[in-house]
There are 2 protein chains.
Amino acid sequence: MRVSFDELKSEIKRVFVKNGMSDEKADFCAQIHTESTYDGIYSHGVNRVSRFVDYIQKGWVDINAEPVVEKDLGAVKVINGNMGPGILNAFYAADQAMEMADKFGIGMVGLRNTTHWMRGGTYGKYAAEKGYVAIMWTNTEACMPPWGAKECRLGNNPFVMACPGEEGGPVMLMDMAISQYAYGKLQVTRLAGKQLPFPGGFDKDGNVTSDPGAIEESMRIMPIGYWKGSAFSFMLDILGSVLSDGIGAADLNAATKGSCGGCSQILIVVDPSKITDGAKMRDTVKRAIEYIKGAEPDEHNSSIHAPGEGSERFHKEHDEKGIFVDDTVWEEIKAL
Amino acid sequence: MRVSFDELKSEIKRVFVKNGMSDEKADFCAQIHTESTYDGIYSHGVNRVSRFVDYIQKGWVDINAEPVVEKDLGAVKVINGNMGPGILNAFYAADQAMEMADKFGIGMVGLRNTTHWMRGGTYGKYAAEKGYVAIMWTNTEACMPPWGAKECRLGNNPFVMACPGEEGGPVMLMDMAISQYAYGKLQVTRLAGKQLPFPGGFDKDGNVTSDPGAIEESMRIMPIGYWKGSAFSFMLDILGSVLSDGIGAADLNAATKGSCGGCSQILIVVDPSKITDGAKMRDTVKRAIEYIKGAEPDEHNSSIHAPGEGSERFHKEHDEKGIFVDDTVWEEIKAL
């Protein structure tokens, strides 16, 4: 079905308030879930609401918790998220990082003991729209085998990079999971009776495969770049733990507080306005985008995108027809 | 042939001194080239010496240049490398970043107008061995098509992450180029008459291929994770330029001062000793490594590695038999 932005937000807010959140916090979180949905990231928008409520009810998210600064090194703060809502903790951390960047040029927050921040790009976009450069990531429970293994022992540890853009919003790596495909993508592809465009994992016998069902069965999804992504994801996991005084995949799996329950997030923010001239920065970004877009397209008549452009087509569609919400998901929320 | 560490270093040093470098600088650079060779990274060690000398002779590297701090924001410095030797500039920048991390918890250097730093992992390892966490990268001239294009418009922008390890050296992503395979790997595989273990690019007709020769011909190497690596590499390029007040792939290609001539490097260093307890950090890293290594191996009886372990087998071989140097490369250096 199709709903308006306000209708969707108010329904999500109602559910959050009903589950004990203050009006102010519920309004803020509902706004973020609705924005992600508007951007076409349904998985971390409206489709995630019922799971979040489930986590509240199980005590895996403490909606009354407040983040606390435990250490302050000047340009680094360690913040304990106290298992509060991931969205609120991450915004608090991003604000703290920007405040430090105002003073010292760069600021880093290591946020530990927090919960799922939904779409990682939310916080990179937030910082970049205020004129900052951002590098951020979260560690996650294990959902991917390390290279050479059968068993899931690595998180997909989504990674975010954002830079203020010339116009039309930041240039950014919105939320790059280190797995080649999300489980959501495998499911959608399988239900459509299709194969993945490129191999996405191994079947239960260890053969590389593009068959989404075979990968869902084996749970052997592949990291981007094979051994490279495996190493990259591992580094994101341990730097996540070390730089936040928090925990990584091994302990997250043992904690069994749901997806990302107790995870660590790193938010690094730099103020480029003190490094380079604003007009020069916009020109650098503009020319870099023009440079890649000016390349001769390949034989598949692909269009060449700058990172972060993906949401434009969803905005257009959602503005014209209303925001898409899966009927089942909408009924589920209505019933919460 | 096989040479000792000292023999190799002294021969490289001789060449550098003969080409106008001071004894002190030549000694330092020769040490780094020799260490990379000892670690098995021939491409950025001994095999790169003659190209470096060629760049000196062409005026693309100014061996007498000194790096200059142009901006100091507290925890961020912008340094102009003045086209000096990349190794010396990057060590200077790493030292500056660590000094800032001592004061503020984190330090970032944006190093612009510098030259090839050889193996990126050198600087991450340097910082991690002193107890720091490091995130670093360089941008490069275009050598890879953006996703959906035929023409090379993206750098491979090697990315480094390092963390102090429990024992036996840091845990690190040594030098992760964002291309799936280096051209060196394509050449070696082609000469051995083999196929790549996984597709590495497109042939001239746009077909995905594992044939190294076909990719060398088309110059259409693939980014890790297809569209994901394309976006990641692009972000490394523009953040490289923006955070150093420097230039990226578009201008590097126009500058035609050789590989990485005029490039930008970002060195972010954090002092984890102020964030977490040293024993706890070592335990976190140790358990994370044990966790991935404890996974059931796959059907190919692969061994599961922690990032940064790759050099051990080279050390063993080089200690036993001497350091391997390709005969042609050795003759070339001798003649320089």
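Note that these values count all heavy atoms, side chains included, but never hydrogens, waters or copies made by symmetry. The structure displayed is predicted, hence computed values, not measured ones. Letters go in sequence order (proteins before strands), and every chain restarts at 1.
- Of residues 263-273 of chain B, those residues lying under 4.5 Å from chain A by any heavy-atom pair are B:I268, B:V270, B:P272.
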Take A:R153 and B:I304 through the test side-chain contact (heavy atoms from CB on, under 4.5 Å) and record every step on the way to the result. CA-CA 11 Å; A:R153 297 277 171 114; B:I304 302 158; over 6 Å; no
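- Residues from residues 245-252 of chain A that place a non-hydrogen atom less than 4.5 Å from a non-hydrogen atom of chain B comprise A:D245, A:A249, A:A250, A:D251, given in numerical order.
- Contact of B:V78 with chain A is made through the side chain alone, with heavy-atom distances under 4.5 Å.
- Both the backbone and the side chain of A:I106 come within contact range of chain B, judged by heavy atoms closer than 4.5 Å.
- Smallest separation of non-hydrogen atoms from A:G105 and B:V76: C-CG2, 3.5 Å.
- Within a 6.0 Å sphere centred on NZ of B:K286, other residues, nucleotides and ligands contribute 12 heavy atoms or fewer.
- Looking at A:V171, both its backbone and its side chain come within 4.5 Å of chain B, counting heavy atoms on both sides.
- Surrounding NZ of A:K204 are at most 12 heavy atoms belonging to other residues, nucleotides or ligands under 6.0 Å away.
- Comparing A:M222, A:K77, A:K280, A:M281 by heavy-atom pairs within less than 4.5 Å of chain B, the highest count is held by A:K280.
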Contacts table for residues 225-236 of chain B: side-chain donor-acceptor under 3.5 angstrom, sequence neighbours left out:
| from | atom 1 | to | atom 2 | distance (Å) |
| --- | --- | --- | --- | --- |
| B:Y226 | OH | A:Y226 | OH | 3.4 |
| B:K228 | NZ | A:A177 | O | 2.8 |
| B:K228 | NZ | A:S179 | O | 2.7 |
| B:S230 | OG | B:W147 | N | 2.9 |
| B:S233 | OG | B:G155 | O | 2.7 |
| B:S233 | OG | B:N157 | ND2 | 3.1 |

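- Between chain B and the residues A:D205, A:D237, A:D72, A:I178, the largest count of heavy-atom pairs under 4.5 Å involves A:D205.
- One N or O on the side chain of B:E151 and one on the backbone of A:E296 form a donor-acceptor pair closer than 3.5 Å.
- With a 4.5 angstrom heavy-atom cutoff, A:L243 touches chain B via backbone and side-chain atoms both.
- Proximity to chain B involves both the backbone and the side chain of A:K274, based on heavy atoms less than 4.5 angstrom apart.
- Note: A:G148 leads A:A142, A:G148, A:S241 in heavy-atom pairs under 4.5 Å with chain B.
- Residue with the most contacts toward chain B among A:I224, A:T276, A:V285, A:I275: A:I275 (heavy-atom pairs, distance under 4.5 Å).
- Neither the backbone nor the side chain of B:N207 has a heavy atom closer than 4.5 Å to any heavy atom of chain A.
- Chain A forms the most heavy-atom pairs under 4.5 Å with one residue out of B:E70, B:K293, B:K71, and that residue is B:K71.
- When the candidates A:D277, A:L173, A:L154, A:I135 are compared by the number of heavy-atom contacts under 4.5 Å with chain B, A:L173 comes out ahead.
- Residues B:Y291 and A:C152 come closest through the heavy atom pair OH-O, 4.2 Å.
- Among residue pairs with one or both ends in residues 98-108 of chain B, those qualifying as side chain to side chain donor-acceptor pair (under 3.5 Å) are B:D102-B:Y132; sequence neighbours excluded.
- Between chain A and the options B:G294, B:G107, B:S303, the largest number of non-hydrogen pairs under 4.5 Å is found for B:G294.
- Residues B:L239 and A:C163 come closest through the heavy atom pair CD2-CB, 3.6 Å.
- Options B:K150, B:M100, B:H300 differ in how many heavy-atom pairs under 4.5 Å they form with chain A, and the most are formed by B:K150.
- Ranked by heavy-atom pairs under 4.5 Å with chain A, the first of B:A149, B:P146, B:G74, B:A75 is B:A149.
- The 12-atom threshold is not exceeded at NZ of A:K185, counting heavy atoms of other residues, nucleotides or ligands nearer than 6.0 Å.
- Proximity to chain B (any heavy atom under 4.5 Å) is shown, for A:P297, by both the backbone and the side chain.
- For the atom pair B:T284 OG1 and A:I238 CD1, the distance stands at 9.0 Å (nearest 0.5 Å).
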